[in-house]
Amino acid sequence: MTLRLIRRGLGWLALAVAFYAAVEVLTYEQTYPDRASRQKLATLWDDPAVRMLQGVPHAVDTTGGFVVWDAGWMLAAVVGIWALLVAGRLLRGEEESGRAELVLAAPIRPARAVAVQLGVLAGAALVAGASAALPLALMGTGAAGSMLFGLGLAGFAATFAAIAAVVAQLLRVRRRVTGVSAAVFGVLFLLRMGANSADSRGGLRWLTPFGWLDDLHPYRDPNWAALAAALTAPVVLGGLAVALRTRRDTGGALMSEPDHARTRLRLLGSPLAFAWRSTRGMLAGWLIGIAAYAFVAGALVASVLDFVADDPNYKRVLERLGWDAGDVADGFVGVMGLLIGLLIALYACWRIGAARAEEAAGRLDHVLVRPVTRRRWLGGHVLLTLASSVLLALAASAAMRAGAAATGADVGLADTLAAVLNTLPVVALAAGLAVLLFGAWPRLTVPGSAAAIVTGYLIETIGPALNWPEPILGASPFHHLAAVPAEPFEPVAAVAMTALAVALIGAGLLFFERRDLTGD
């Protein structure tokens, strides 16, 4: 039953990981075709900003080593977030819905049920690791190194699944389990950034799963202790989760909450106010995360300028990607603006997903029996999504400017504002697609819209380097954005995408008004 609940998501995850790993290999081999150009990447060793974001370069003169350095942390973040979300859904969401009680009515002990669920998640982590290792091995990066990287990635995913499993024994509400697990994920990533900022802090990498993956070095001088840590931690944490499950009742938690909390009536006067109240904590988490990433991106501007000045081959690569090699700073800010726009678009998908969660949990039934129309309720969520997205864009712009100023780069606030605000039509399009899916196919609200927007971003970032045909590139909404501030803003494309977003939102509202409410 556990496998049945996660098989579709696992299948999509495996395909995405395999595709990303294969594209990284192709891009590297075209960008750095000879040994001389590859060895210049080693100069990034001394750059603190690059090390904090990407990790300490190791064996980047090999295809496999570069993929692990350049894409390893991103793949780890994807599989780790997927693992902790699924673990929270299985171990706490099933209890909230009451389905766990039906399972435990059979001759199955609670500890055994948790152990089986964690076993399935461990198998899913192995599948995720294999989906990265297999294309790398088939494309000639080295079978042994690919297998080690796959095992490290699997251990990383299993570790965060086990962390979420432990938190699920401590807290009663799935939403809080997800929030605390995500906070742990963020803290461990920040710890990894601090550990990579200087050699003197390198020992801190042993305190975070990100650091274990950084120190694995699968393609040259593998660190077996790092692999042992990545594979041992999920076993220890999983065993702790099973032991803690025996110490609480079904539906209960080890950290009890007061039965008579103080009544809080603020922000309960309208559906829009309640939507803000129920998601402002997660919005704060998104804001902190995106702003931190934007700050590091701004700090990288000076490093990119130095690297391009010393590497003529890299200038040609930038020109193939559409950058003006004579104005690298603005080009880099524009590319970072697109990436931050992707993150804000994913937030918009998640924010519409919060409306879906309210329906799935049954809370929407109690709202709609009052004089609240469906259009007013969903329209409030859409309005809050768009307003929050603008807030994230402004915060990211200020953070990127601060990062550039910290390293002495000549980038103004007007440049970072233009780069990030330029992507808001794509954010609106992502929100519109999520609303359409919510109205027509509610279970696909988040996965469908997020998959579409990530695919569009990958087409735009990878397609030009691989000489993909224009019709394929044109399918990406990011392709129709100008590289602001290096290029002038494209008002026609922005208006067209905004109009399409409005049409999608309208269609989603119509579909929602004509369908039944559905549970989880």
Side-chain angles (χ1 to χ4, degrees), residues 53 74 77-78 81 178-179 182-183 185-187 189-190 193 267 272-273 275-300 333-357 380-405 411-435 445-446 449-450 452-454 456-457 477-478 481 484-485 489 494 497-498 501 505:
L53 185 63
M74 180 64 73
V78 170
I81 292 173
T178 300
F185 183 93
V187 169
F189 183 76
L190 291 176
M193 293 177 66
L267 301 177
L272 177 60
W276 165 255
R277 168 175 165 164
S278 60
T279 60
R280 57 188 176 183
M282 289 299 289
L283 172 62
W286 278 88
L287 191 148
I288 293 172
I290 291 177
Y293 187 88
F295 181 88
V296 175
L300 282 172
V333 169
V335 170
M336 289 296 100
L338 290 181
L339 180 53
I340 292 170
L342 170 66
L343 298 177
I344 298 174
L346 291 176
Y347 164 80
C349 297
W350 170 83
R351 186 60 196 75
I352 300 300
R356 167 59 188 162
H381 278 278
V382 173
L383 178 62
L384 186 58
T385 298
L386 298 177
S388 300
S389 298
V390 173
L391 175 62
L392 291 176
L394 295 175
S397 302
M400 190 188 300
R401 168 69 182 97
V411 175
L413 181 60
D415 295 329
T416 58
L417 278 171
V420 179
L421 296 180
N422 175 54
T423 64
L424 288 183
V426 175
V427 174
L429 197 60
L433 179 58
V435 173
T445 300
V446 175
S449 58
I453 203 66
V454 170
Y457 178 78
F478 291 94
L481 296 176
V484 178
F489 176 68
M497 283 189 281
T498 303
I505 291 171

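The structure displayed is predicted, hence computed values, not measured ones.
In terms of heavy-atom proximity, M193 sits nearest to V296 at CE-CG2, 3.3 Å. Heavy atoms only, all atoms of each residue included: A297 and M336 are closest at CB-SD, 3.6 Å. Between A77 and F185, the closest heavy-atom pair is CA-CZ, 3.8 Å. Contact record, L481 with M497: CD2-CE, 3.5 Å, taken as the closest heavy-atom pair. The minimum heavy-atom distance linking I505 with V435 is given by the pair O-CG1, 3.8 Å. When every heavy atom of C349 is checked against every heavy atom of V446, the shortest pair comes out as O-CG2, 3.6 Å.
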Atom pairs and distances, side-chain donor-acceptor, residues 417-431, under 3.5 Å, sequence neighbours left out:
from: N422; atom 1: ND2; to: A482; atom 2: O; distance (Å): 3.0
from: T423; atom 1: OG1; to: V420; atom 2: O; distance (Å): 2.6

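The closest side-chain heavy-atom distance from I340 to M400 is below 4.5 Å. The shortest distance between side-chain heavy atoms of W350 and M282 falls below 4.5 Å. The shortest distance between side-chain heavy atoms of V333 and P485 falls below 4.5 Å.
Without hydrogens or angle criteria, T416 side chain to S397 main chain gives a donor-acceptor distance under 3.5 Å.
With sequence neighbours excluded, the residues satisfying side-chain contact (heavy atoms from CB on, under 4.5 Å) with L391 are L283, L287. Under the side-chain contact (heavy atoms from CB on, under 4.5 Å) criterion, A452 pairs with L433, not counting sequence neighbours. For S388, the side-chain hydrogen bond (donor to acceptor under 3.5 Å, both in side chains) partners are Y347, not counting sequence neighbours. F189 is linked by a ring-ring contact (aromatic ring centres under 6.0 Å, His included) to F210, counting only residues two or more places apart in sequence or in another chain. For Y457, the ring-ring contact (aromatic ring centres under 6.0 Å, His included) partners are F478, not counting sequence neighbours.
Distance check, rounded to the nearest 0.5 Å: CZ of R280 to CG of L384 gives 11.5 Å. Atom CH2 in W286 sits 10.0 Å away from atom CD1 in I344 (nearest 0.5 Å). Atoms OG1 and CZ, from T385 and R351 in turn, are 5.0 Å apart once rounded to the nearest 0.5 Å. Remark: L343 CG to L338 CG distance equals 11.0 Å, nearest 0.5 Å.
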